[in-house]
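Here the structure comes first, spelled out in structure tokens, and everything after it is commentary.
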Amino acid sequence: MSSGIENEAKGDEKVITTMCNSHCGGCCMLKVHVREGVITRVETDDGVEPQLRACLKGRAYRQRVYAPDRLLYPLRRIGERGEGKCERISWDEALETVAGELTRVKDTYGSEAIFVQQSAGDIVSLNNPLPIMKVLSLAGGFSTSWGLYSFEQAVYAELATLGTLDGSGRDDILNSRLIILWACDPESTVAHTNTTWYLTQAKEKGIKIVTVDPRYTDTAAVFSDQWIPIVPGTDCAMMIAMAYVMIKENLQDQDFLDTYTLGFDQFKAYVVGDEDGIPKTPQWAEAITSVQASTIELLAREYATIKPAALITGIGPGRTAYGEQYHRAALTLAAMTGNIGRSGGSAGVKSWMSVSTLPALKKGVLMMDVPNPVVKGFPSDLKTFLPARAKFYKGVGNVVTAKVPDALLRGKAGGYPADYKMLFIVNTNFPNQYLNLNKAVAALRKMEFVVTLEQFMTPGAKWADIVLPTCTFMERNDVTESERLTYFGFQNKCIEPLGESKSHFQIAKELAAKLGLSQFKDMTDEGVLRDVVVKGSAISDYDNFKKNPVYRVYPVDRPYVAFRKQIEDPENNPFPTPSGKIEIYSQQLADLNDPSLPPVPKYIIAWESPRDPLTQKYPLQLITLHPRRRAHTQGETIPWLRETQVQGVQLNPADAMPRGIANGEIVKVFNDRGATILPAIVTKRIKKGVVAILEGAWYNPDENGVDRGGGPNVLTKDVPSPGGGYVTNSCLVQVEKA
Ligand code: SF4
């Protein structure tokens, strides 16, 4: 089935349909008007419903393609690292320099001294970091990291509890009778294409919507019938108290628990206090979360009795010191209410649906058929091992992402597998997006050579010795997919690459040639997309897919329901856990004998939370938000996007007044790790004691190392959660007038 939308010609203007997937979780349609090789206008889907309508980032993409500050030629650093002073050089010289440094570092220190730090960037099948990684694998290998920046805690929880990663389609919320948006703000962050469109319809249908969040979000303002403010990092305590109410009032779906789950009784013993003498009552939770006991009781009763109900878990509460417990508790509540595997039920999960749902595109095939000789087996610091997880991460990398700056800085002396000398950056803004950013900067100073692929002179590019300019997705072909709606999209090339910018694939090919590798010589992007990525997948007609660039795997009137077959036919479809059931109690976790990863979900007091003695010095809790105006750091300099949101720090009037801070005043947010300067946004829409900053602002240090860019990562702590997740939302700060 396809969207039926074809590329069309209007006089001397062509309208080319392509798909945006700018690492925001979305996958939206763009109709790009091109005249004489120049993009004149960008529209979005206006065809049959459900339209895949783009957000303002997609609609402003023409400004990004033609941005005056776009990098169009290879650059060599001529100033100090971090200054951003560069000179134009040829591709030949740039790639010879990179190939020469790769060879020098390998010959001098061994391949493990080459560290590739990468992330997703645009979520696509070909022009991602994998072709570069394949070339480097063929050239002897490299060190790299493992672990997702965004929701590693959710991955951990879901693999431990469900044995796999899967989630229902967003469109299935229309079959819910209650929607709980737990720290989920799609009005600002999109949180997958069309989420707000489905919420709009849900509201029109009279489905009750509840938001649990420290902030009165735009989503809460537009859609929610109820806002429940909560102390950040205490979400798990509230969920466990909800379980207490259900147990005490015998509201749990016992048949579901008996049939599909393992270990409810052990969880119950913890919840009612048989295990530790502390009943996890709503009053117990009120003292921790600040949510009134009566509110917790009411939500627990509603979630247990209004069926089906969707618990949509955002990822912010997971990015806390023990965030795995929040996701494990959400999955347990979904099981207690019988909302797993049922239409309208959601499943309390965060992760992708595509892992087990979408008939595979051969995404990553270019990488997987060439093992990286440096990284064998399991990550060496994956101490919190689970078999399902080890399979997920087998051979991926040696260093957990949260510790990359520390690893680069300290190497073997810090207990890491190697001393790192060369940093190869692909699709990540290092140091900008790294915890304890000042440590990442120190690591950059230590590197003998740094190379990056970039489109703009980002903070990361300013530290590089060689910058290789990449083209945008409008300048090359690729295949993408939706995370929460079951379709694939074709990214059609709309114009030739600007200047001398090149696609990731082309850069990999040319680097391979400089390294004397012949494997890529005859490959073309179209050839790889047709014969490697798409061939053998659910898409049988590549040319038709290119012409009609939305391929729906499931009909729009039959939303995908995760785990339906495990629930409808459990005998023949066990969950892929050791027991074949949903593991509320996990023996794998019990075997770890690690109190920070208990066998049943438990509330664990986070470090740098209101109960930390550090609050004497730094009394405010910092949380970081995904911006509307950027996709992480992408789009920071685009004028239309900058107009839409102030890069400020949100704080409650009750916190602003004693500090003499007025709305709009420039303030300093600081702790022992660093300081950032930005305007105050004084608003009652954030809980007292909490401050919030948009992540992704470009690091702009002054002569004292204070970030004038207003980003939060000079403040965050570079300690992973027990399961290896990024911890951005356990962070104490102080705020004062600048
Ligand atoms: S940035 Fe994300 S939400 Fe916006 S148009 Fe692109 S894919 Fe869609």
Side-chain angles (χ1 to χ4, degrees), residues 3 5 16-33 39 41-47 49-65 67 119-125 127-128 150-151 169-171 184-200 217-219 222 314-315 352-354 427 429 455-456 471-476 478-492 494 549-552 625-645 694-696:
S3 69
I5 296 170
I16 299 166
T17 305
T18 193
M19 304 298 290
C20 181
N21 195 332
S22 281
H23 204 166
C24 61
C27 182
C28 308
M29 182 179 289
L30 295 177
K31 300 176 86 174
V32 183
H33 293 243
I39 298 169
R41 194 150 68 93
V42 175
E43 294 177 305
T44 188
D45 193 356
D46 59 358
E49 299 286 7
Q51 297 170 355
L52 304 173
R53 296 180 78 81
C55 80
L56 50 97
K57 293 185 280 281
R59 294 172 196 227
Y61 211 87
R62 181 172 161 272
Q63 281 201 342
R64 176 162 163 179
V65 172
S119 185
D122 293 346
I123 314 289
V124 291
S125 296
N127 289 291
N128 55 35
S150 302
F151 51 92
R170 274 290 188 257
D171 36 358
C184 185
D185 182 20
E187 187 59 36
S188 295
T189 63
V190 180
H192 310 296
T193 304
N194 280 353
T195 296
T196 50
W197 188 66
Y198 292 115
L199 285 173
T200 303
T217 60
D218 288 354
T219 303
V222 174
I315 52 180
W352 310 276
M353 62 184 355
S354 52
N427 285 17
N429 197 334
Q455 282 173 6
F456 289 85
C471 60
T472 69
F473 73 81
M474 291 191 178
E475 297 153 76
R476 42 81 173 155
D478 217 317
V479 172
T480 184
E481 69 187 60
S482 158
E483 281 181 39
R484 269 283 180 253
L485 296 168
T486 45
Y487 59 86
F488 297 113
F490 197 95
Q491 284 190 332
N492 274 302
C494 305
V550 176
Y551 179 90
R552 291 190 185 278
L625 314 173
H626 281 199
R628 176 182 279 132
R629 64 184 248 185
R630 294 182 294 266
H632 301 299
T633 67
Q634 291 187 58
E636 170 68 326
T637 61
I638 306 307
W640 284 352
L641 300 179
R642 291 180 71 86
E643 279 178 27
T644 64
Q645 245 180 338
L694 301 173
E695 58 96 22

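We count ligands from 1, going down the list as the structure has it; atoms in each ligand are counted the same way. All values below come from the heavy atoms of this structure, side chains included, with hydrogens, waters and symmetry mates left out.
- Shown here for C55 and V190, the closest heavy-atom pair between the two residues is CB-CG2, 4.1 Å.
- Distances below 4.0 Å separate heavy atoms of K57 from the following atoms of ligand 1: 1 (S).
- V42 approaches R59 most closely through the heavy-atom pair CB-O, 4.1 Å.
- Annotation: atom 6 (Fe) of ligand 1 to nearest protein heavy atom, C20 SG, 2.3 Å.
- Atom 4 (Fe) of ligand 1 has an N, O or S atom of C55 under 2.8 Å away, backbone or side chain.
- The closest protein non-hydrogen atom to atom 8 (Fe) of ligand 1 is C28 SG, 2.3 Å.
- Going from atom CE of M29 over to atom CD of E43 covers 12.0 Å, rounded to the nearest 0.5 Å.
- Between H632 and H23, the angle of the ring planes goes over 60°, which puts this pair in the perpendicular group of the 30/60° scheme.
- For atom 2 (Fe) of ligand 1, the closest heavy atom belonging to the protein is C24 SG, 2.1 Å.
- Near G26, meaning under 4.0 Å from one of its heavy atoms, ligand 1 places the atoms 7 (S).
- At a threshold of 4.0 Å, the pair R629-E636 counts as salt-bridged, since one of the basic side-chain nitrogens sits closer than that to a carboxylate oxygen.
- Here C27 fails the criterion, with no N, O or S atom under 2.8 Å of atom 6 (Fe) of ligand 1.
- Separating the CG atom in N127 from the CG atom in D478 is a distance of 4.5 Å, to the nearest 0.5 Å.
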